[in-house]
Amino acid sequence: MSKTSTILSHLKTDFSSGLVVFLVALPLCLGIALASGAPLFSGIISGVIGGIVVGLLSNSHLSVSGPAAGLTAIVLSAISELGTFELFLTTVVLAGCIQLVLGFIKAGTISNYFPNNVIEGMLAGIGVIIFLKQIPHAVGYDPDFEGDEAFFQSDGQNTLSELFAVFNHVHFGAIAIALISLLLLTLWPKIKPLQKFKFIPPALVAVLFGIVINVFWTQDGSSLAISGDHLVQLPVPDSIEAWKTTFKTPDFSQLGNSKLWVIAFTIAVVASIETLLCIEAADRMDIYKRYTNTNLELKAQGIGNILSGLIGGLPMTSVVVRTSANAASGARTKMSAIIHGILLLLCAVIIPKYLNMIPKATLAAVLLLVGYKLANPKMFWHFYKRGIFQYIPFVATFLGVVFTDLLKGVALGLIINILFILWGNMKQAYVFRAVNYKEGDIIHIDLAQEVSFLNKMAIKNTLNNLPKGSQVVIDASNTVYIAHDVQDLIREFYEIKSVEKGISVQLIGFKDAYDLENTQTTSVKIEQKYNVQRRRMEPITKQEE
């Protein structure tokens with residue numbers, strides 16, 4: 001079966017998913033543009049290119065690209081520092097070029113080193129963030145922009161304090177629409193007569209009901225009517241000339257300005273890291289367990305950012321919220337991401353006035369369910385059963401993502417994983433046990449195939465704990481690589497420490513650069529003097545794991 005026919009075979013399901021992602025992406029694109037201090041339409045441009053262009057070029061089946069909340073602070077600062085939006089667009093183009101280079105040098109392979117416990121912790125954290133951030137929007141309190149993922153918000157509140165602030169800004173119309181939307185979203189798939197219409201996503205039904213109910217309240221003059229900031233606010237150009245002004249072009253007149261390159265490099269690095277994290281998360285959510293070519297993904301993102309910068313769009317990444325919504329709504333192939341981009345383009349151009357009738361409370365209900373599905377409490381029990389070395393990095397990543405932001409949370413999880421690896425490496429070498437060896441024994445220390453600097457501490461402790469007057473055979477016959485740090489340690493023990501403690505040392509298999517001393521003479525002496533059965537020291541890992 002050809003690749004095209006495989007994609008089209010799930011068109012019905014992917015169209016439904018793409019529609020849901022479009023509804024979710026619309027306020028996110030606008031909110032992120034607003035928070036970035038950029039023209040609102042620049043967020044839509046980024047979303048369209050992220051959906052259509054990156055969707056076509058990428059081989060990820062679930063990830064969705066667009067403007068990212070993680071870049072808002074960088075974009076806001078860059079526009080302020082450079083003075084014009086046109087100069088900032090130049091940095092977006094340059095960042096895309098840098099990402100292309102990263103793709104060609106295969107920098108995407110670093111995603112293989114993201115541990116599963118960190119990725120799962122990130123997803124659980126994002127789920128909690130989505131859920132908590134949408135509660136204010138569901139009750140009609142919208143000072144924070146849609147798509148914010150940081151704990152500390154631009155409105156002076158934080159994720160938790162905002163939940164208490166909503167009591168002073170309750171809008172009963174928004175609450176009613178959010179509750180009705182939640183009922184429709186949960187009950188629509190379970191009502192048997194309606195199961196014949198699986199191609200109609202419950203999210204679309206909820207949005208249509210929200211619009212109809214609010215229009216009725218507005219015409220009736222009810223106090224429940226929702227208006228202003230509580231509705232989607234897409235720019236509505238009223239003429240061709242007005243449409244033309246929505247597209248900006250980059251100013252390449254200051255390519256020699258070092259600020260441009262510093263900002264471009266920052267955007268490229270942050271966008272690439274967020275993309276790789278999201279791709280790993282998307283592959284974890286894929287029920288078919290397909291893998292994405294991350295180097296190709298970086299190239300696709302680079303081309304997307306180049307095009308976005310050329311026509312006035314924000315920088316983009318693969319984004320977890322839209323990707324999660326895509327997976328939760330049953331997407332099967334990348335057609336859903338492409339369809340979402342096409343819908344963004346067509347609806348923003350043809351029916352922007354009707355899109356501005358959508359209550360944010362309805363879209364908040366959609367995201368509440370997405371967040372609930374991501375933050376599954378079963379994951380905590382799953383990693384708890386796998387042991388402390390899996391559980392602690394998972395929880396640390398989760399807490400870091402919730403109480404700081406995505407990148408800091410992931411960095412915390414990675415650091416803890418690395419510390420555990422270092423600790424584990426200290427326990428991978430051999431250790432002396434006084435209960436097993438006594439003075440006069442011949443003790444064999446067999447080095448592993450690769451001995452890195454991480455093994456230095458374990459080997460040092462082993463050598464320091466050898467009993468006085470013992471005979472030691474250090475065997476590197478099966479060793480391919482020994483770090484210079486370890487070579488120096490063994491040489492120091494051979495030449496100085498062993499003499500001080502009266503220890504006879506035989507070195508076997510140390511060749512070329514590892515030939516620390518002429519070992520033949522020592523070997524003969526030991527073999528002639530002692531005829532003792534060979535005994536191996538046990539690895540630490542057998543003690544406790």
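These values consider heavy atoms only, across backbone and side chains, with no hydrogens, waters or symmetry-generated copies. Counting begins at 1 with the first residue of the sequence.
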Short side-chain to backbone donor-acceptor contact, [X] and [Y], under 3.5 Å:
X	Y	result
K360	G140	no
D14	R332	yes
D251	E86	no
S80	S77	no
D142	P136	no
T275	S318	yes
H382	M379	no
K259	L82	no
T323	V319	yes

_By the definition side-chain contact (heavy atoms from CB on, under 4.5 Å), identify the one residue from T294, L298, N293 that meets it with L296._
N293
_Please identify which of these residues, V232, L367, L34, meets the side-chain contact (heavy atoms from CB on, under 4.5 Å) condition with E146._
L367
For [X], does the [atom1] atom sit with more than 12 other heavy atoms under 6.0 Å from it, leaving out its own atoms?
X	atom1	answer
I240	CD1	no
N158	CG	yes
K289	NZ	yes
Y354	OH	no
W261	CH2	no

Quick one: does [X]'s side chain get under 4.5 Å of [Y]'s, heavy atoms only?
X	Y	result
I135	L368	yes
V54	E297	yes
H10	S336	no
M285	L123	yes
L71	L314	no
V92	P250	no
L62	T292	no
F88	P315	yes

*Residue pair V370, Q134: steps toward the side-chain contact (heavy atoms from CB on, under 4.5 Å) verdict*: CA-CA 11 Å; V370 172; Q134 292 307 312; over 6 Å; no
*Please lay out, stage by stage, how L183 and F209 fare under the test side-chain contact (heavy atoms from CB on, under 4.5 Å).*
CA-CA 11 Å; L183 284 174; F209 264 84; over 6 Å; no
Distance (rounded to the nearest 0.5 Å) between [X] [atom1] and [Y] [atom2]:
X	Y	atom1	atom2	value
C278	Q301	SG	CD	9.0 Å
M357	L234	CE	CG	14.0 Å
L310	T249	CG	OG1	9.0 Å
T72	D405	OG1	CG	9.5 Å

Are [X] and [Y] linked by a side-chain donor-acceptor pair shorter than 3.5 Å?
X	Y	answer
D144	Q157	no
D220	S222	no
Q153	K133	yes

*Verify whether the ring centers belonging to F151 and F403 lie closer than 6.0 Å.*
yes
_Can you confirm if the aromatic rings of F380 and F394 lie within a centre distance of less than 6.0 Å?_
yes
*Given the rule in the side-chain contact (heavy atoms from CB on, under 4.5 Å) test, do I44 and L30 qualify, once you have shown the distances and angles that lead to the verdict?*
CA-CA 7 Å; I44 299 296; L30 296 172; 4.0 Å; yes
